[in-house]
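Report on one structure; see the data block that follows.
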Number of protein chains: 2
Amino acid sequence: MRVTLGDVARRAGVSLATASRALNGSDRNVGDVLAARVRASAKELGYLPYAPAQALARASTATLGVLLHDVADPYFGVITRGASEAAAEAGLLTMVVSTFADPDLELRNIRMLHAQRARAIVLAASGYVDEEATRRLDEALGAYRAEGGRVVALTDHGPSYDSVRPANRRGAADLTRALLGLGHRRFAVVPGPERLRVSLDRLLGVREALDEAGVALGPEAVEFAEFSHEGGRAATARLLERSRPTALIALSDVGAVGALAELRGRGLDVPGDISVVGFDDIPCAAQLAPALTTVRVPLERMGAEAVRLALEPRPRTAPGGIEDATDGLSAGPDTRSPRVVDLPTETVLRASTAPPPGAF
Amino acid sequence: MRVTLGDVARRAGVSLATASRALNGSDRNVGDVLAARVRASAKELGYLPYAPAQALARASTATLGVLLHDVADPYFGVITRGASEAAAEAGLLTMVVSTFADPDLELRNIRMLHAQRARAIVLAASGYVDEEATRRLDEALGAYRAEGGRVVALTDHGPSYDSVRPANRRGAADLTRALLGLGHRRFAVVPGPERLRVSLDRLLGVREALDEAGVALGPEAVEFAEFSHEGGRAATARLLERSRPTALIALSDVGAVGALAELRGRGLDVPGDISVVGFDDIPCAAQLAPALTTVRVPLERMGAEAVRLALEPRPRTAPGGIEDATDGLSAGPDTRSPRVVDLPTETVLRASTAPPPGAF
DNA sequence: CTGAAAGCGCTAACAT
DNA sequence: ATGTTAGCGCTTTCAG
């Protein structure tokens, strides 16, 4: 019932080794006639290599893992497309796992990916503020790397990881400056969840630009929220209870969409009464009512670059220096310096922003 | 360097078999003390099972494959979330592969998933009109199933597959009837790509409702297009060159978004000058300008049901029993009658539709 | 260039 | 209840 390499070999009248070499061997050392015969009988038999067996024998799989919050979120959807296309080009299959921003789930999923011996793991989400959670994740990732697994982070994961970094802080600062340039002085901000580094990073950018301009941003003007429609909506509602901003900065597009919905529900005109901006430039941002001013993050490219980085040959280097995750101090146990790819972002002005009401 | 089960067994002072049973065995036949000892040393050593070896020994993997056009398309994103959550609950990892609606790529990917010995394959996309392509896909899927792989289709894939079917035809008919009810008589339709069955299915529903009402739909009023923003936009542009519909039916939301963009670019008001409807009810449909009237397809549920179906134990040879969609013809080679789950859709009226201009 | 044979890490009979 | 021992299908030394 199951066609094995042995069947192919027998039918071609060659040994197992020859069949293996002819079909999947990297070497070119099989005679043309035999090779052709092997390929022919493989086709006739409908032979398909048994990946788990190959993995066991080769001590290496043909799979890539992508860890994200939610596949259905367009932010991650686009990243995943970039990553899985790059992976496909390298002959790898992509395993996508959602963590819903839960460090425990993330830890479990890292272990699963490790158990599968995925060639590499792309951390598209992650980057928690919680030190204990981070420590546990680092430990799991360390074990994975100790066995040869490659890890690339798309978020701030500490200096020991290869990473692809969009200019979160800088992008948020530029975005804020654009708003300041329009004349806004009263701001409200809806970052992502407080437990994620990326939220704080982007918020930092906003603060930076505001400080520059001497504009204050009190705690009453900041309302953390999940990266979701409902999160953005509810946070906006709470903000409006206690302040009257002329500009609302949502630090994710999905959150901005929720904010727009809340504003619309209250009969406020955007941008007439209040300007709204998002972050990420997800595909539908340009199609909203009104079209959303935002920061373009090169999502697809991030995914692709991450895979490129992950698959790039790594000098296994320094004899006598296999890592040691425990002694965080001292001479770095990892002689291989992590690669970092910085990707610029770009502010995209659309219809959701205008000078504040009363400006002239 | 690599911790194996053997290491764990040795450290616990038990045999390999006992360690295996204590850690991953389904049986309960390990003494409490030993089991505890094994678990303890596994933890101390940081042991992680080696999935490829388990797969080889068990002749079964813990992975699921999802085949779709594009992960970044929200339609598939949401389906994938449903599927991968259900898979995760069953302890499976999800491999997502994009085919970009290309049958050849799809064939290759089916083979890859087969080679990986994914437990089941969910065909979220697929369903081609081309008979030759379909034959080749069926052949590959047949080989996969012959080895015990399970296949569930979310599109029309012929009667031999387990399937989860949204009411595409019916949904399109209902949607069209809603438009007729508003008074529209001049229609234009942008289905999906002509090579996909789902496009024709939905178009059929439109035709059915139109016929009922005695409204004609000439070939000049139908313009096939890829399921994409640009596809919808360009098709709309072409349609407007040769007709002046009062209602534009895009048979996908992403296409409808493109249509809205084109209309806006031409200075046409929606729904004042022309009503626009989509299909799918992707997350951002409600947030567009204007909010899109569409047909809600239970995407997440489809993904989850598909996995449920795929994982449901299958009587290997059970004669008689559940309904059989095929039995008009011969006694098929497959005695197991395919399961079919039909899922209803629902028309959602939003701001993009209104009575035609001039109606009173 | 080709073949024989030793595993890769784990599970599942089959003993005991 | 626990241990012994074959493999699972493939790659890869190592011989010839």
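In what follows, chains are A, B, ... by sequence order, proteins preceding strands, each numbered from 1.
Within a 6.0 Å sphere centred on CD of E132(A), other residues, nucleotides and ligands contribute more than 12 heavy atoms.
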| task | Go through L123(B) and L141(B) one step at a time and tell me if the side-chain contact (heavy atoms from CB on, under 4.5 Å) criterion holds. | result | CA-CA 10 Å; L123(B) 299 170; L141(B) 290 169; 3.8 Å; yes

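Computed from coordinates, the N29(A) CG to dA15(D) C1' distance equals 15 Å when rounded to whole Å. As a whole-Å value, the separation of Y47(B) OH from dG9(C) C1' is 7 Å. If you take CD of Q116(A) and P of dG9(C), they are 16 Å apart, rounded to a whole angstrom. Atom-to-atom, OH of Y50(A) to P of dC8(D) comes out at 11 Å; the value is rounded to the nearest Å. With rounding to whole Å, L45(A) atom CG is found 15 Å from dG9(D) atom C1'.
Side-chain atoms of R117(A) stay outside donor-acceptor range of the base of dG9(C), with no qualifying N/O pair under 3.5 Å.
No hydrogens or angles considered: a donor-acceptor pair under 3.5 Å links the side chains of H157(B) and S126(B). A donor and an acceptor atom, one from each side chain of T63(B) and Q116(B), are nowhere located under 3.5 Å apart.
With respect to R135(A) and E131(A), no salt bridge is recorded, no charged nitrogen being found less than 4.0 Å from a carboxylate O. Note on R10(B) versus D7(B): salt bridge recorded, some NZ/NE/NH1/NH2 to OD/OE distance being below 4.0 Å. One finds no salt bridge joining E312(B) and R150(B) here, because no Lys/Arg side-chain nitrogen approaches an Asp/Glu carboxylate oxygen to under 4.0 Å. Ion pairing between a basic and an acidic side chain is recognised when a charged N comes within 4.0 Å of a carboxylate O; E305(A) and R308(A) show such pairing.
Taking the centre and axis of the six-membered ring of Y161(A), the NZ or CZ atom of R145(A) falls inside the cone set by 45° and 6.0 Å.
Note: Y128(A) and H69(A) have tilted aromatic rings, judged against thresholds of 30 and 60 degrees for the angle between ring planes.
With a 4.5 Å cut-off on side-chain heavy atoms, Y144(B) and L48(A) do not count as touching.
The stretch residues 4-18 of chain B touches DNA chain D through V14(B), S15(B), A17(B), T18(B), each having a heavy atom within less than 4.0 Å of the strand. Within residues 52-62 of chain B, the residues having any heavy atom closer than 4.0 Å to DNA chain D are, in order of number, L56(B), A57(B).
Contact annotation: N24(A) side-chain N/O to dT11(D) OP1/OP2 distance is under 4.0 Å. Residue R21(B) has no polar side-chain atom (N or O) positioned under 4.0 Å from OP1 or OP2 of dT11(C).
Direction of the helix axis in the helix from dC1(C)-dG16(D) to dT16(C)-dA1(D) shifts by 30° between the two five-pair termini, rounded to 10°.
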